[in-house]
Amino acid sequence: MNPRVRFAPSPTGLLHIGGVRTALFNWLFARHEGGEFLLRIENTDTSREVEESVDQIQRSLRWLGLDWDGEVEFQLDGLERHREAAQKLLAEGHAYEDEGAIRFRMPDEGATVWEDAIKGTISYPNEKLEDLVLLRSDGRPTYNLAAAVDDADSRITHVIRGEDHVPNTPKQIHILEALGRELPVYAHVPNVFGTDGRKLSKRHGAVSVEEFRAEGYVAPALMNYLALLGWSYDDRTTVMSRDELVERFGLERVGSSPATFDYEKLMWLNGVHLRELPAEVYAETLVAYLAEAGFDGDEETIRASAPLVQTKIATLAEYPSFAGFLFRRVAPPHELLDGAGDLLARAREALAGVEPFTAAVIEEALRALAEELELKPRQAFGPIRAAVTGSRISPGLFESLELLGREESLARLDAAIAVAA
RNA sequence: GCCCCCAUCGACUAGCGGCCUAGGUCACGGCCCUUUCAAGGCCGUAGCGCGGGUUCGAAUCCCGCUGGGGGCACCA
């Protein structure tokens with residue numbers, strides 16, 4: 001039988017990156033096994049529901065490429081089934097009425113033991129299990145009833161969820177057993193922490209998929225990074241495409257200890273994935289990102305500059321500060337120009353005569369100039385770079401000049417010469 | 001307080017009794033390349049929490065301790 005898994009967030013706030021990783025593990029497992037991945041919104045607590053949350057969850061999963069099978073399910077829609085289950089348990093003596101609510105009778109001896117697919121054998125003493133409310137006095141089902149019944153009704157074979165659910169598992173096991181339903185395999189994935197060892201939160205940096213997206217991360221990189229947070233393929237493989245992850249993922253290699261989210265490694269990985277993109281795709285990605293970010297610059301120039309920045313920036317968000325000079329003049333700090341008046345004037349002269357105004361010819365002319373002035377390339381090009389890009393750090397100088405065009409380049413040199421003098 | 005889980009470089013991890021002089025990746029340091037910044041190449045610093053066992057042999061198995069996390073609702 002093909003496995004069926006589900007990701008079951010509650011719509012009580014923004015979907016957190018830790019939850020996204022849980023979703024990813026479910027998805028990878030399903031796709032690897034040729035099974036199905038369901039999305040169920042656990043909205044039984046209407047009082048805590050955050051309106052926007054359901055959309056945000058779906059947007060996040062879609063952007064990451066975690067497609068689910070079938071329609072989104074809402075737990076609340078199963079209300080009648082949950083009530084029936086509670087009534088059945090009541091009728092068969094597994095539950096009893098208590099102040100208008102229906103409570104499940106938990107065993108108070110022995111232990112509940114299950115083989116967790118990630119953590120191994122877990123044993124939970126039954127005496128610690130309280131008789132839990134199945135149906136509230138107002139008739140609404142509680143989480144443990146609804147979750148257990150839904151998993152069974154959806155024929156979920158593997159419940160892969162966060163480890164905060166470990167204490168719920170024995171409860172759900174007893175409910176399912178009393179109902180005479182089949183038990184799924186449980187797999188509890190460890191937490192994700194921030195660098196201070198505390199739960200990852202806003203103060204550590206981005207925590208929602210949309211924030212990462214806005215910060216210029218791309219989906220394959222985030223997926224790759226998240227997969228590596230608690231799972232490994234072998235002792236040396238780090239960079240993996242979405243297809244490779246699907247092909248290689250398995251629950252057996254998910255670790256059982258919590259992991260710390262490392263923004264620096266994510267950034268590195270993002271750079272790796274960005275560099276691996278074919279030039280056209282990279283340009284496309286950059287243009288789309290900048291448009292969404294509200295960057296003010298013409299598409300043609302962005303596309304033309306894409307190859308100049310591809311190996312230089314690790315997130316798309318770095319583009320404006322790195323290549324912004326292509327769209328507007330940036331005044332260079334005086335110290336970068338000091339004493340370079342003559343050099344800049346000679347460079348202007350050289351560039352005025354370059355024909356055609358292309359990177360290769362420009363390079364030839366400027367190198368000849370440097371040689372003539374007996375300057376090392378770095379000494380000669382530094383001030384020119386500053387004059388044209390406004391910074392000490394920039395894409396390749398010759399390519400940048402070409403992109404800017406002769407007229408604009410000369411104008412910027414003129415301005416710098418005036419300042420340097 | 002009680003219950004459950006976890007424990008290898010700063011971080012992510014490989015390791016499932018001898019292959020370990022503990023491997024890979026990020027970060028960090030150095031060198032090379034180089035028009036800046038990157039990218040790339042080479043080299044390096046750095047780790048099995050502690051104490052007992054078991055065994056010819058332990059990072060690997062067992063016990064205790066310590067530390068960390070999670071959970072103890074008519075929340076999910």
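Chain identifiers are assigned alphabetically (A, B, ...) following the order of the sequence lines, protein sequences preceding nucleic acid strands; residue numbering begins at 1 within each chain.
As a whole-Å value, the separation of A/L228 CG from B/A14 C1' is 12 Å. Atom CG in A/L129 sits about 18 Å away from atom P in B/C2, given to the nearest Å. Distance CD (A/E318) to P (B/U36): 19 Å, rounded to an integer number of Å. Atom-to-atom, CG of A/N224 to P of B/C26 comes out at 13 Å; the value is rounded to the nearest Å. The interatomic distance linking A/N270 (CG) with B/A38 (P) rounds to 17 Å, in whole Å. Between the CG atom of A/L308 and the P atom of B/U35 there is a distance of 17 Å, given to the nearest Å. Counting to the nearest Å, the P atom of B/C16 and the NZ atom of A/K119 are 21 Å from each other. Atom C1' of nucleotide B/A39 and atom CD1 of A/I313 are separated by 13 Å, given to the nearest angstrom.
A/F25 carries A/R21 over the face of its six-membered ring, with the cationic atom under 6.0 Å from the centre and within 45° of the normal.
Looking at A/E355 and A/R406, a side-chain N of the basic residue comes within less than 4.0 Å of a carboxylate O on the acidic one, giving a salt bridge. In summary, A/E372 and A/R346 engage in a salt bridge, as defined by a charged side-chain N under 4.0 Å from a carboxylate O. Of the charged side-chain nitrogens involved, at least one lies within less than 4.0 Å of a carboxylate oxygen, so that A/R83 and A/E80 count as a salt-bridged pair.
Of the side-chain N and O atoms in A/T260, one or more sit less than 4.0 angstrom from OP1 or OP2 of B/C12. Side-chain N/O atoms of A/T44 include one lying less than 4.0 angstrom from OP1 or OP2 on B/A76.
Pair assignment for B/G1: B/C72, on the basis of Watson-Crick or G-U wobble contacts that are both within less than 3.5 Å. Remark: B/C42 base-pairs with B/G30. Criterion, Watson-Crick or G-U wobble with two distances under 3.5 Å. B/A59 is unpaired under the criterion used here, namely a Watson-Crick or G-U wobble arrangement in which both key atom distances are under 3.5 Å. In this entry B/U54 has no Watson-Crick or G-U wobble partner, no candidate having both defining distances under 3.5 Å. In this structure, B/U21 forms no base pair with any nucleotide, since neither Watson-Crick nor G-U wobble geometry is met with both distances under 3.5 Å.
Taking the P atoms as reference points, B/C61 lies 12 Å from B/G15, given to the whole Å. Taking atom P on both nucleotides, B/C16 is separated from B/G30 by 36 Å, rounded to a whole Å. When the C1' atom is used for both B/C3 and B/U54, the distance is 29 Å, rounded to whole Å. Taking atom C1' in both B/G10 and B/A27, the straight-line distance is 8 Å, to the nearest Å. Rounded to whole Å, the separation between the P atoms of B/G29 and B/A39 comes to 13 Å. Across the P atoms, B/A46 and B/G41 are found 24 Å apart, a figure rounded to whole Å. Rounded to whole Å, the C1' atom of B/U66 lies 7 Å from the corresponding atom of B/C50. Using atom C1' as the reference point in both B/A22 and B/U60, the two lie 11 Å apart (nearest Å).
Taking only distance into account, the side chain of A/R385 meets the base of B/U35 through a donor-acceptor pair shorter than 3.5 Å. Residue-to-nucleotide contacts include a donor-acceptor pair under 3.5 Å from the side chain of A/K312 to the base of B/U36.
Note: A/Y225 and A/F261 have perpendicular aromatic rings, judged against thresholds of 30 and 60 degrees for the angle between ring planes. Using cut-offs of 30° and 60° for the angle between ring planes, the A/H94 and A/F104 rings count as parallel. By the 30° and 60° cut-offs, the orientation of the rings of A/H188 relative to A/Y186 is parallel.
Counting heavy atoms of neighbouring residues, nucleotides and ligands inside a 6.0 Å radius, atom CD of A/E276 exceeds 12 of them.
Mapping A/D262 and A/G396 onto RNA chain B by nearest heavy atom places A/D262 at the nucleotide closer to the 5' end. Each of A/A8 and A/L266 lies near RNA chain B, and the nucleotide nearest A/L266 is the one positioned closer to the 5' end.
Nearest to the side chain of A/S232, among B/G10, B/U36, B/U13, sits B/U13. With B/U35, B/C75, B/C26 as the choices, the nucleotide that has an atom nearest any side-chain atom of A/D45 turns out to be B/C75. Nearest nucleotide to the side chain of A/I393, out of B/C37, B/U25, B/C3: B/C37. Residue A/D235 places its side chain closer to B/A14 than to any other of B/A76, B/A38, B/A14. For A/T311, counting side-chain heavy atoms from C-beta on, the closest listed nucleotide (B/A38, B/A76, B/C4) is B/A38. Listed nucleotides: B/U35, B/U25, B/C6. Nearest to the side chain of A/P377: B/U35. With B/A14, B/A76, B/A38 as the choices, the nucleotide that has an atom nearest any side-chain atom of A/S10 turns out to be B/A76. Of the candidate nucleotides B/C37, B/A11, B/G40, B/G40 has the atom lying nearest to any side-chain atom of A/R275.
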Please list, for nucleotides 70-74 of chain B, all pairs of protein and nucleotide N/O atoms separated by less than 3.5 Å.
unit_1	atom_1	unit_2	atom_2	d
B/C74	OP2	A/R103	NH2	3.4
B/C74	O2	A/S137	N	2.9
B/C74	O2	A/S137	OG	3.2
B/C74	N3	A/S137	OG	3.3
B/C74	N4	A/E99	O	3.4

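Residue A/S394 is classed as a base contact, given a heavy-atom separation below 4.0 Å to a base. Heavy atoms of A/L397 sit under 4.0 angstrom from at least one base atom. Contact annotation for A/T237: no contact, since no heavy-atom pair falls under 4.0 Å across all strands. No contact: A/R161 has no heavy atom under 4.0 Å from any strand.
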Counting only pairs under 3.5 Å, give me each side-chain donor-acceptor contact of residues 390-399 of chain A, with atom names and distances, residues two or more places apart or in other chains.
unit_1	atom_1	unit_2	atom_2	d
A/S391	OG	A/I393	N	2.9
A/S391	OG	A/I393	O	3.1
A/S394	OG	A/R385	NE	2.8

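For A/Y143 and A/H165, the distance between ring centers is under 6.0 angstrom.
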Does the salt bridge (charged side-chain N to carboxylate O under 4.0 Å, His left out) test come out yes or no for A/D234 and A/R253, once each step is laid out? CA-CA 9 Å; A/D234 58 18; A/R253 293 194 63 88; over 6 Å; no
